[in-house]
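Have a look at the structure below, then the notes.
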Amino acid sequence: MYTLTNSHGVEIRAMNYGGIILSIRVPDRKGQLGDIVLGHETLEGYIPNPPYLGAIVGRYANRIANGTFTLDGKKYELPKNDGPNTLHGGTTRTFDKVVWDGEPLKGATGVAFSYLSKDGEEGFPGNLKVTVSYTLTDADELIIEYEATTDKATPINLSQHSYFNLAGEGNGDILNHEIMINADRFTPIDKNLIPTGELRPVKGTPLDFTTSTRIGARIDDNYEQLVLAHGYDHDFVINRRSNDNGLVLAARVYEPTTGRVLEVSTTQPAVQFYTGNFLDDSVTGKQGHVYKRRYGFCLETQHFPDSPNHPDFPTTILRPGETFRSKTVFRFEAK
Ligand code: GLA
């Protein structure tokens, strides 16, 4: 386990199992520190970890339809773990369930986790070397950097699956949080939560968060997309100028009772906004807290789900000789 601290008392703990972020303690507007991520107090709590609390997800974050894709003329079959789909990389040796090598960063407050995902592991081609680093800065940012190389072409989609509750983990649902998502479009899903291929404008729908809105304001609206996902579980296409692959603001969340703010910036094309619709009282977390439906939200920066089966989506194929790099910044403050 690695503990990162900064001069404002912010403390982040992470472990080499699953690269899991165990806790994030940040001040509220009165300076009171609170832990704002769902999780467990012991390793055992994470085995198993069906909601992927705090974990790195891969080799392919989110869903691949029917557990199959074709690459360079060859068809690959993956283990299915979500109805007909493969979710978050498969069943057994997925990035959330393996032991990574941890190494403290030099010259920064952080840790780098590395993992070699072997050729054929969970059905994916190529030996994939992955490094994910967590850095805490004095500007109260958690910087997450992903890097990967392969010796055979493979799809890759890496994300971080922390569940936030800015009022404090276990402290009720997240429906009163206000969120702005910097996205004019999203990728609508079918009944298996697989993108249909459409990029739909959010305007006029309950997925319009271009101005800050209570998460709960429209979550139970009778809108097909919300009904299918039992709330928000959608991939938002982050607004950016074409050819700009730099860091852009993806989302900002504000919790009115504590004043805590979470701001997410990323180099990734999209963010999956998930409101913990599948948390169902089955998880007892820290301090005996029962994590009920919608007790946490995730902002999983990533590529679009099921991209390997959608040639029109930005590519997720990494080839030998290339290096995959992405960066996401979670910045914390209180107002
Ligand atoms: C992602 C998915 C959700 C759900 C969670 C894990 O956010 O989009 O549908 O599977 O992971 O429970």
Side-chain angles (χ1 to χ4, degrees), residues 18-21 37-40 45-67 78-91 94-97 122 157-165 169 173-174 179 181 183 186-196 207 215 219 224-237 250-251 253 264 266 268-283 285 290-310 313 316 328 330:
I20 290 174
I21 294 178
V37 289
L38 278 52
H40 297 282
Y46 290 97
I47 304 173
N49 180 15
Y52 302 85
L53 300 180
I56 297 169
V57 280
R59 184 181 297 202
Y60 198 95
N62 209 282
R63 293 176 175 79
I64 295 185
N66 302 310
L78 312 172
K80 297 172 185 170
N81 60 334
D82 177 62
N85 310 316
T86 301
L87 174 65
H88 298 324
T91 49
T94 53
F95 291 8
D96 59 294
K97 295 180 193 68
E122 299 294 309
N157 194 24
L158 300 175
S159 196
Q160 221 295 332
H161 213 299
S162 285
Y163 286 71
F164 295 94
N165 184 331
E169 62 76 31
D173 66 48
I174 45 74
I179 187 168
I181 305 179
F186 72 107
T187 57
I189 47 176
D190 66 14
K191 64 174 192 328
N192 293 323
L193 309 195
I194 294 294
T196 60
L207 283 82
I215 291 178
I219 196 167
E224 184 215 20
Q225 287 295 310
L226 293 177
V227 176
L228 287 171
H230 310 284
Y232 295 101
D233 192 352
H234 294 86
D235 168 69
F236 288 76
V237 182
V253 189
V264 184
T266 188
Q268 289 279 282
V271 61
Q272 182 85 11
F273 175 47
Y274 171 57
T275 45
N277 312 308
F278 300 129
L279 291 173
D280 57 0
D281 296 12
S282 57
V283 182
V290 177
Y291 297 142
K292 300 188 184 168
R293 191 162 180 247
R294 300 176 178 167
Y295 265 40
F297 67 88
C298 304
L299 286 165
E300 300 157 71
T301 54
Q302 56 180 356
H303 267 257
F304 304 178
D306 198 31
S307 294
N309 294 310
H310 289 275
F313 287 176
T316 52
T328 291
F330 291 103

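All of these numbers come straight from a predicted model, not from anything done at the bench. Atoms within a ligand are numbered from 1 in the order they appear, just like the ligands themselves.
- A donor atom on one side chain and an acceptor atom on the other are found under 3.5 Å apart for D235 and T187.
- Nearest non-hydrogen protein atom to atom 5 (C) of ligand 1 is H161 NE2, 3.5 Å.
- Of all atoms in ligand 1, numbered sequentially from 1 with element shown, those under 4.0 Å from a heavy atom of N62 are 2 (C), 8 (O).
- Checked by atom type and distance alone, the side chain of N277 pairs as donor or acceptor with a backbone atom of A229 at under 3.5 Å.
- At a 4.0 Å heavy-atom cut-off, ligand 1 does not touch D82 at all.
- One option in L193, D233, L87, N81 has a heavy atom closer to atom 8 (O) of ligand 1 than any other, and that option is D233.
- Put simply, part of Y163 is less than 4.0 Å from ligand 1, judged by heavy atoms.
- Shown are Y295, F297, Y163; of these, the side-chain contact (heavy atoms from CB on, under 4.5 Å) with I174 is made only by F297.
- Nearest-heavy-atom check against atom 7 (O) of ligand 1 across E300, Q272, H234, H230 picks out E300.
- For F164 and F330, the ring centers sit closer than 6.0 Å to each other.
- Taking the six-membered ring for Trp and thresholds of 30 and 60 degrees, F313 and H310 have nearly parallel ring planes, at less than 30 degrees apart.
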